[in-house]
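Below is one structure, written out as structure tokens; the observations come after it.
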Protein chains: 4
Amino acid sequence: MILVLYKENLYYYSWNAIVAVSAIFVGLYIPLNLVIDLGEYPIFVILYSIASVIFIADVFVEIFRFKRHVRSNNPFEPKATAGKFLPWFAVDMVAALPFMIFFPGSPFQLLKLFKLIKVGRFMHQISQQEVRLSQFLTISFFFFWLVHIAHWISCGWLGISNLNADFDISTTYVRALYWTVTTLTTVGYGDILPQTNVQMIYAMFVQLIGFAAFGYLIGDVVTLLSKKDPSTRQYLRNIESLSGALQIRDINKDLQKRILNYYNYLRKEKVGYDESYFLDGLPTTLKTEAELELKKNFIVGIPLFQNASIDFISRVAIKLELVIITPGEILMRQDDTGNEMYFIISGMLDVVRNGNPIFLLKEGDFFGEMSLVANKPRTATVKARSFCNLYRLERKTFEQIVSDFPEIIEQIKEKAKSRGMPPD
Amino acid sequence: MILVLYKENLYYYSWNAIVAVSAIFVGLYIPLNLVIDLGEYPIFVILYSIASVIFIADVFVEIFRFKRHVRSNNPFEPKATAGKFLPWFAVDMVAALPFMIFFPGSPFQLLKLFKLIKVGRFMHQISQQEVRLSQFLTISFFFFWLVHIAHWISCGWLGISNLNADFDISTTYVRALYWTVTTLTTVGYGDILPQTNVQMIYAMFVQLIGFAAFGYLIGDVVTLLSKKDPSTRQYLRNIESLSGALQIRDINKDLQKRILNYYNYLRKEKVGYDESYFLDGLPTTLKTEAELELKKNFIVGIPLFQNASIDFISRVAIKLELVIITPGEILMRQDDTGNEMYFIISGMLDVVRNGNPIFLLKEGDFFGEMSLVANKPRTATVKARSFCNLYRLERKTFEQIVSDFPEIIEQIKEKAKSRGMPPD
Amino acid sequence: MILVLYKENLYYYSWNAIVAVSAIFVGLYIPLNLVIDLGEYPIFVILYSIASVIFIADVFVEIFRFKRHVRSNNPFEPKATAGKFLPWFAVDMVAALPFMIFFPGSPFQLLKLFKLIKVGRFMHQISQQEVRLSQFLTISFFFFWLVHIAHWISCGWLGISNLNADFDISTTYVRALYWTVTTLTTVGYGDILPQTNVQMIYAMFVQLIGFAAFGYLIGDVVTLLSKKDPSTRQYLRNIESLSGALQIRDINKDLQKRILNYYNYLRKEKVGYDESYFLDGLPTTLKTEAELELKKNFIVGIPLFQNASIDFISRVAIKLELVIITPGEILMRQDDTGNEMYFIISGMLDVVRNGNPIFLLKEGDFFGEMSLVANKPRTATVKARSFCNLYRLERKTFEQIVSDFPEIIEQIKEKAKSRGMPPD
Amino acid sequence: MILVLYKENLYYYSWNAIVAVSAIFVGLYIPLNLVIDLGEYPIFVILYSIASVIFIADVFVEIFRFKRHVRSNNPFEPKATAGKFLPWFAVDMVAALPFMIFFPGSPFQLLKLFKLIKVGRFMHQISQQEVRLSQFLTISFFFFWLVHIAHWISCGWLGISNLNADFDISTTYVRALYWTVTTLTTVGYGDILPQTNVQMIYAMFVQLIGFAAFGYLIGDVVTLLSKKDPSTRQYLRNIESLSGALQIRDINKDLQKRILNYYNYLRKEKVGYDESYFLDGLPTTLKTEAELELKKNFIVGIPLFQNASIDFISRVAIKLELVIITPGEILMRQDDTGNEMYFIISGMLDVVRNGNPIFLLKEGDFFGEMSLVANKPRTATVKARSFCNLYRLERKTFEQIVSDFPEIIEQIKEKAKSRGMPPD
């Protein structure tokens, strides 16, 4: 609720990004500075000062935001709003304290790392709003924390080791990080070893906790990476089920190829995926809108509907049912009684009367409407020439909708005449 | 059955906790004392003596308990009771034997470790009774055993090694534990190495058994940790299904946001979770009670029911069906025929007559009852202003219940009048 | 089919066990003898000679078996029989060749290891016939092969290493096995290292193949070990579903305890498990028999059926439906119309007429039969005093069966009289 | 679509195989040559020259293919065709550039590795067309890439190491590969160690990325390897469900054996597998054809159908339902009214009239047709002597089909007479 009010704002995102970068720098710099003297790199001190100023500024930004939010007056949960702001405000205050001035070189500075909680919240907000990127974002955020944890463990290792004066600062750090990664991944070369009891206990701690945590996180990321998009997943399931049938019974090569072509068609057109699970989870109004949204691209392409009212399109769209047919399939036979009409989304079909092809139906055409209107038998056979995506409209639905929109009847008759078919 | 009779007792838990702490101390001390001379820490001998006394006392406590239990005379399974007590009694007796006096320094003392079985049973009892904490308890108990196993393997390692006189006792122990953890986690630095054949075989044993056991246990704990609470699980499934749909078809940003808001609402309110699996597993009486219990918090908040009898509330509660609607959704339309009434658990709805908003419905209100009583068309349209949780009561159920409780009819009419709606 | 004819034979199993032990010895001895001179242990040469003689004898045993089998003349698949014997006969022949005499010390002796295939077949047969032990057997067989593979890799390692004269034979072997296990479990201490190119390539091979194979096998065994028996599995699912409900809604402690008691009862009595999956997978005749078998223990305990014909018991058994009720539950109410009777498998129920308890029903009793016979309302209320397992018999089924077995009617009337209930 | 036109061609596959081999050689040779001077092996330079020529030739082959494809004029997606060819053409062009002449020894040569993308596409095509081999192919391709990745990491390691002049080229390479595999499998002996900062960072990179990637790939391959064929999977499920039932209730040994025999029969005959999932995923026309194909082998063996028209066989085949019965099962009883006839696919059944066996039915026979034609009670009892696979034809279906093919009636009557059963 709160978010919707002003968070779209580009300023908001930019400021948060600046704060996040500062927090990350501080999160890496402070622990390292406590264990190694980084005095020879004055740039770090300057960056740290800038970050500290940004943290102080952020306190005022948050106060401004809170006031604006109270003014815009959320009527539903006024108390909850204050309650939500308060803990974050406390975090901001602690992180803004000028430890550098009052406690230089003291471990109290680590309190500034609280600001990283806010980075976590910011990352959570982004991943919630960009559902489409959620997989990519989860992996990025995972590597973000992985780097931090490895860095912190390395700093801890340096803190309990006697630094070797032979190594310069960067070598010292790389060696600590190398020990950390070698231990966490359970490779354990054994070239850098704990010597004292404290170091041994620390090493055990890194082995155990790191082992469990890395196992968990990597397992999670692997699960995420192995998630295919739904149509590919459906395709793989199809292939597996065909492969299973082949191991038990024989199917000739030609039929195999046609089945494979069908599966490939479904995957390429992304139509084999069952959206019903997603739609059924939504309440009525959202379901209707989502269904319209999903079918809109197809419906817009049907010439018959180009001048129709939005209300009519909604009514039809919800009732249309997607049908996929394979080359050679016969959709309706001459003289049978018909109970549905079809709209062609893609593909080509032959209209055959008394054995003679008389017409080729293409994308945007519709057919079968005569039998529905006049309750007569089909005047021709319709056979697929290629793979076709069709929308089926049942007679009952058709009659209901047409009775509400009588002008559509005229359009259908005109269209039917224009392709040389008698309207009755 | 047995447990229910006297185990609620705080004394019982306290005594068991004392016994458990003693058993843990003994489980760690005895094996270590066998391989290292801990004589320089006299405190351990004192603690060991106290623990031994507690074990002897526990035998008498158990006898007392058994007698009391027999007296309270469980009529259903008298033989089973004795059969259940006996093996535990044997364990208690063995652990209470004063090995320290008769076999000082002998491995027979390890028989005292049988007492840990009782600790295991005690932990099992606790985790069975505190279902809500079961996840936390399982992990605690896992770490409990992990520490013990690592300790025992370390003691074994010390037992087959020549102790280096250069190291003091604590360093010697830390080095053994460090070797154990390094080997069990498969890090294998290689700084502490087996030299003799016996040591090599022991190392292989630790590698193999530890590898399998740790893999199993850690896999188990990770599975446990990754179990989210049911509403979060449902939320993640919802997000995944939306993300799947987005990868295949386009849904505009606004609709996406509304769907996300809906999912967030379900998660925050913890209402999206399907309790039917839990309820369906129960027999009739328990199912009714559980359903009442789950709905009670909501029902108590409905003013109409504040003076109603418990019998009436039960009858209604079982029949109420939870309905969640999104902002803007129209729940009933003026002049339609209604078949249900609604109780508002949370949220706000506008009552609109002839296009004019005439009333705002809030938490605790109910509406739609008139059409049910009088079998007339709806007198107004009702539209959600925010997300709403409602309970729906179907006409048929309504008529049945009201016929049994005629006094409710009057309350409904009064309430309806008080908000300016004609009662018929 | 073939197996059924003579394999029950104890001689068959004993001989196979002797052959298996010989094959295992040979499988361990030959590779080791090729890389280390075991000459100083003459016992091995003697054992090897015995094993060789057993292999030769086994060829004749197989010929005898085949002849006997052909005589007993399996009418369904005569060709298949010969086809099945032939490859095993070839294996036996190769393994029986006296390599020791003609090619002492040559790698050709390894052909004798083919006999292990027969051990594998024998193990497969056992695990197929002892379904109840299948889990235990799978794990035993897994460790069997694990030990062999580790042994063979160790022999390979010795084969490409320069043996250190400082070590005696057993130390040399333990060191090789230690290297193998350390490498396969990815611990990799690094104290024993490959030096030559060949050794390095061998180490890589052991690392890669061993890594994949061990991962696969251990994963399999862990899966197997984590499989609980069905009633425990059901119990854990129940607990999880209760825990899920508790995290979302509140349920008072007393109701929680009663639900837990119910779950514990199901687990203890092993009745909560849904056998329908197992039964539905069987064809009609087997299904009937299995159902009878599963219910037999209960039915035998019902006094009414003690003199009944097997035919009658079968007819009833298939139709009986298990019902579990909790303490305090009311099963039937006075003056209601009844449609079923019940048989008590375990537990106690009170019969209450006009508010007064008049009778206590126990294991083996039945009730509700009067209303069925006379089509009158229930003459009393029946309420559970404890957890009860009952079998329900529906009126329709009851009438059908009783019409075929008129003598049962008399028994029911007598029994009913004997407990002081008027028969109508 | 495109593929179908000319890819069946053996020339196409052969040429692609040659290109693939060249690309693999180049993919291994170029990176190695950049880090080690392979000048002493002139054979490599010759092979590299040949591969380069093949790459140039492949550009012309692709141009020829594209022209031919445009000529054969795919009417459905002309633009898509060009769009598909273009990126691959670019890849071919880059890989064909003669780097060896213009930039000898420069890293630009690595651009030739783009050709491996084409190998990947070729492998993908093969695995798509050989569904039956998909499992084997996936594993082969996995090992293909695994070898390449390990090789490239080894080359990278050599590139940042100071080569030790003591080792010859092959030893140098084996040591690098050995370090790579030891690190990737997390064994980490620690005999070859990173010294410089760059080497340490590279080692961390290999540890981390390799750890994750290998974990993912090996997990994938293990999943693939553990996939059993559907009938074995069904068998294992059956055994598990029997084992579950045995742990809870007792089933006598004889019944156990009969149930096991039934499961073994299903597995051997591969009939227990449920094909409906596969068939239901297909559109109507493909489903009909697949069903015919799967049943064809059985139907062809039925003598009655040997002279029947294909149209008739199709009609019957779709309606036939597979039934499996166990030895001793009674399929129909004398004097009962019959509603179906059966065709015997395999197995033997006894026909018994008035208690006397009068006939033995075998593979290819059919029975029960008389009751269907004449609507009379069964003239005999039919009992299975062995396991039987039967096709059942329901009366309603039978009547429909026979009315369309009157000549079949005569065949049935003749056949029935010839086995001594009166036709009415």
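Note: hydrogens, waters and symmetry copies are ignored here, and every other heavy atom, side chains too, is used. Proteins come first, then strands; the chains are lettered A, B, ... in the order of their sequence lines, and each starts at number 1.
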In Å and rounded to the nearest 0.5 Å, what is the [atom1] to [atom2] distance from [X] to [Y]?
X: A:L208; Y: B:L184; atom1: CG; atom2: CG; answer: 8.5 Å
X: A:L286; Y: B:L255; atom1: CG; atom2: CG; answer: 6.5 Å
X: A:E289; Y: B:T326; atom1: CD; atom2: OG1; answer: 8.5 Å

| query | Given the options B:T180, B:V174, B:L260, which has more heavy-atom pairs under 4.5 Å with chain A than any of the others? | reply | B:V174
| note | Of B:N238, B:I330, B:V323, B:N264, the largest count of non-hydrogen pairs under 4.5 angstrom with chain A goes to B:N264
| Under 4.5 Å between any side-chain heavy atoms of B:F167 and A:N197, yes or no? | no
| remark: With sequence neighbours left out, the residues meeting ring-ring contact (aromatic ring centres under 6.0 Å, His included) with B:H151 are B:Y173
| note | Note: vs chain B, highest number of non-hydrogen pairs under 4.5 angstrom among A:A203, A:G190, A:P283 is A:P283
| query | Does the A:Q207 side chain pair with the main chain of B:T182, one donor and one acceptor, at a distance under 3.5 Å? | reply | yes
| said: Checking B:Y189 now: which residues fulfil side-chain hydrogen bond (donor to acceptor under 3.5 Å, both in side chains) with it, not counting sequence neighbours? | reply: A:W179, A:T183
| field | Part of B:I325 lying under 4.5 Å from any heavy atom of chain A | value | neither
| request: Counting only heavy atoms closer than 4.5 Å, note whether B:Y262 contacts chain A via side chain, backbone, both or neither. | output: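 Only the side chain of B:Y262 comes within 4.5 Å of chain A.
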| field | Atom CG of B:D254 with >12 non-hydrogen neighbours under 6.0 angstrom | value |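 Atom CG in B:D254 is packed in, count exceeds 12.
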